[in-house]
Amino acid sequence: NDFINGDQIRQFEKRNLFGFNSTYYRNLWTDGSAKLDLKAGIGWRYDDVNDVSLNRTVNRKTIVSAIKNGNIDESNISTFAELNYSLHNLNITLGVRSDNFSFLYHDQLSTIYSTKSDTAKTISPKATISYTLNDKTQLFAKAGKGFHSNDTRVVTDANSLLSLPAAWGTDIGANHKISKNVYLQWALWRLHSDQEFVYVGDEGIVEPSGKSLRQGIEASLRYQPFNWIIVSADANFTKSKSLDSEPTENHIPLAAPWVNTASISVFPSKMSSLSVHLRNISDRPANEDNSIKALGYTVLDFNAKYRYKRLEFIFETKNVLNTAWNETQFATTSRLKNEVSPVEEIHFTPGEPLSFYAAASFLF
C-alpha cells in the first residue's frame, strides 16, 4: 500500500481473561459389573480486550495511519451433560454441550460513538464407544460436532450465520500394549468444517473461504526399555482440501501434511532428569494454488532438571543445532520501499536460534 516507505504494520492489544468451570459427578445406577454415571457442568468465560489496534508504521515506531482500533467484550456461557455406561469390556459415552456467545465491539476510530453487538448459540453432541478385546488391545470410535469461532469484529459486522460454523469430526482407532515395555496408539480421523476463515493481517479482516475437509492418520509410540529411560514418538499425516474451490486452487494455506515429534528422557536419579526433544513440520502450501510454499523445519531442544530438597533447577538449550528456521510464515502481498509494484511472497518471523535458559524454583 505504501510505495514510499514500504509496508509495515503494528498490532497491539491488552487482554484480561476471566472465567470458571464447575463439574458435577454422580453414579446413577450400578448392577454388578454394569454402571451408569452422570457428569454435568457449567462454565463461563469473559474476554475483556482493549485497544485492539492495527496501524501502518514506518521505522518500527512512527504511526502513519490507523487501520483498526477498538474494544472487544466477548463472553461465553457453556453447559454440558454426559452419560457413561460401562459393562465388562464395553464403554459407551453420550454427551451434549451448549454454548451461548455474546459479542460486543466499540470502534474507536468511528467519529460517532457506536457499539455493535451480536449473539450466537450452538449445540454440540458427541458419542464415544470403546471395547477392550483383551489385556493388550482396546478399540475405540468417536464422533461429535464442534464449531469454528470467528472474530468479534467480523461477527458484529456480518451475518451471524458465520459466527459459529459447525465442524464435524470422527475418530476410529486402537490402543495396543505390544509388550511390557511398548505401547502404541493409532487413529484414523476426519474433520469437516462448514466454514474456513483466513485472517488478513495487513488489513485486519477475516475472509470466509468456504467448506473444508481434513483427514489423516496419527500414531503415538511409547517405549520404556529400562525404568530410567523413556522413548516417545508421535507422527501425524493430514490431507486437507477446500471443498468450494476448483481442484487447482483447493489447498488450505498452512495446512501441513506432516507434523512429528520425538523425545528421549533419562532419569539418572529420582531427583534429576535429562531429555532431548525433536519437533518436525513438513513443507506446506502457503496459498490456495500451492505456487508458494512455507518451508518446513526440524528443531532439537535439550532440557535438564535437578531437585535438591525444596529447590528445583531447570536448564534448557533451545535449538541445539542452531538450525535456521521460520516460526510464523504466511503468503501475503506487500511492497517494499521504492518497489514498482506489490509482490506476493512469504512473510515470516525467524525462529529462535541457539539459546540458553536457566530457572530456579522453591517448592512449598
Side-chain angles (χ1 to χ4, degrees), residues 146 148 167 169-174 183-193 195-201 207 209-223 230-265 275-303 316-334 343-355:
H148 191 328
T170 55
D171 288 56
I172 299 175
Y183 174 79
L184 172 68
Q185 182 186 64
W186 62 268
L188 299 171
W189 62 271
R190 180 183 176 96
L191 180 66
H192 180 282
S193 177
Q195 187 64 261
E196 286 279 334
F197 294 122
V198 178
Y199 178 62
V200 184
E207 297 178 340
S209 59
K211 298 178 180 179
S212 68
L213 177 64
R214 303 167 190 252
Q215 52 192 342
I217 182 171
E218 58 184 31
S220 298
L221 179 69
R222 302 291 180 265
Y223 175 49
I230 298 176
V231 180
S232 65
D234 298 276
N236 304 271
F237 172 74
T238 304
K239 188 174 182 180
S240 309
K241 65 178 180 179
S242 174
L243 300 178
D244 292 338
S245 304
E246 296 296 325
T248 56
E249 296 186 353
N250 68 351
H251 293 82
I252 299 177
L254 305 182
W258 286 98
V259 177
N260 309 300
T261 62
S263 68
I264 300 176
S265 299
S275 59
V276 177
H277 301 272
L278 178 147
R279 47 198 165 98
N280 163 265
I281 187 170
S282 64
D283 293 351
R284 53 216 182 272
N287 58 355
E288 288 77 3
D289 63 6
N290 200 22
S291 59
I292 302 176
K293 288 185 179 292
L295 298 179
Y297 59 84
T298 300
V299 176
L300 205 65
D301 300 326
F302 173 77
N303 179 287
E316 288 186 285
T317 303
K318 298 285 190 179
N319 196 357
V320 174
L321 303 179
N322 200 25
T323 302
W325 64 290
N326 296 333
E327 189 166 19
T328 303
Q329 299 182 73
F330 53 92
T332 192
T333 302
S334 65
V343 178
E344 184 184 21
E345 58 187 351
I346 287 290
H347 293 58
F348 65 91
T349 301
E352 188 174 21
L354 174 65
S355 307

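Quick note: numbers below take in every heavy atom, side chains included, and nothing from hydrogens, waters or symmetry partners. This is a predicted model, so every value here is computed, not measured.
Side-chain atoms of Ser220 and Asp234 form a donor-acceptor pair, as typed in the model, at a separation below 3.5 Å. Judged purely by distance below 3.5 Å, without hydrogens or angles, the side chains of Asn250 and Ser245 never pair a donor atom with an acceptor atom.
In plain terms, the two heavy atoms of Phe237 and Trp189 that are nearest each other are O-NE1, 4.4 Å. Smallest separation of non-hydrogen atoms from Pro350 and Asn326: CA-OD1, 4.4 Å. Across every non-hydrogen atom of Pro257 and Asp283, the tightest pair is CD-O, 3.4 Å. The two residues Pro253 and Ala286 make their nearest non-hydrogen contact at CB-O, 3.6 Å. Nearest heavy-atom pair, Trp325 versus Arg279, reported as atom, atom and distance to 0.1 Å: CH2-NH1, 3.8 Å. Of all the heavy atoms in Thr238 and Ala256, the pair that sits closest is CB-O, 3.8 Å.
More than 12 non-hydrogen atoms from other residues, nucleotides or ligands lie less than 6.0 angstrom from NZ of Lys293. Heavy-atom contacts from other residues, nucleotides or ligands closer than 6.0 Å to CZ of Arg222 number more than 12. Within a 6.0 Å radius of CD1 in Ile264, no more than 12 heavy atoms belonging to other residues, nucleotides or ligands are found. By the neighbour-count criterion of 12 heavy atoms within 6.0 Å, atom CG of Leu354 is densely surrounded, having more than that number from other residues, nucleotides or ligands.
Within the model, atoms OG1 of Thr261 and CG of Asn236 stand 7.5 Å from one another, a figure rounded to the nearest 0.5 Å. Note that CD of Gln215 and NZ of Lys241 are 7.0 Å apart. Values are rounded to the nearest 0.5 Å. Put simply, CD1 on Ile292 and CZ on Phe330 are 12.0 Å apart, with the number rounded to the nearest 0.5 Å. Distance CD/Glu249 to CG/Asn290: 11.5 Å, rounded to 0.5 Å. Note: Trp186 CH2 to Ile217 CD1 = 7.0 Å, rounded to the nearest 0.5 Å. For the atom pair CG of Asn260 and OG1 of Thr298, the computed distance is 8.5 Å after rounding to the nearest 0.5 Å.
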Take Thr248 and Asp289, measure what side-chain contact (heavy atoms from CB on, under 4.5 Å) needs, and give me the verdict at the end. CA-CA 6 Å; Thr248 56; Asp289 63 6; 5.9 Å; no

What verdict does the side-chain contact (heavy atoms from CB on, under 4.5 Å) test give for Tyr297 and Glu327, after you've listed the backbone C-alpha separation in whole Å, the side-chain angles of each residue and the deciding distance to 0.1 Å? CA-CA 9 Å; Tyr297 59 84; Glu327 189 166 19; 5.9 Å; no

Please assess Asn319 against Glu352 for the test side-chain contact (heavy atoms from CB on, under 4.5 Å), listing each intermediate value before the final yes or no. CA-CA 7 Å; Asn319 196 357; Glu352 188 174 21; 5.7 Å; no

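A donor-acceptor pair under 3.5 Å is formed between the side chain of His347 and the backbone N or O of Glu345. In this structure, Glu207 contributes its side chain and Val200 its backbone to no donor-acceptor pair below 3.5 Å. Between the side chain of Asp301 and the backbone N or O of His277, no donor-acceptor pair lies under 3.5 Å. Formation of a donor-acceptor pair under 3.5 Å by the Arg284 side chain with backbone atoms of Ser282 is found in this model.
Glu196 pairs in a side chain to side chain donor-acceptor pair (under 3.5 Å) with only one of the listed residues (Ser212, Ser209, Ser240, Ser242), which is Ser212.
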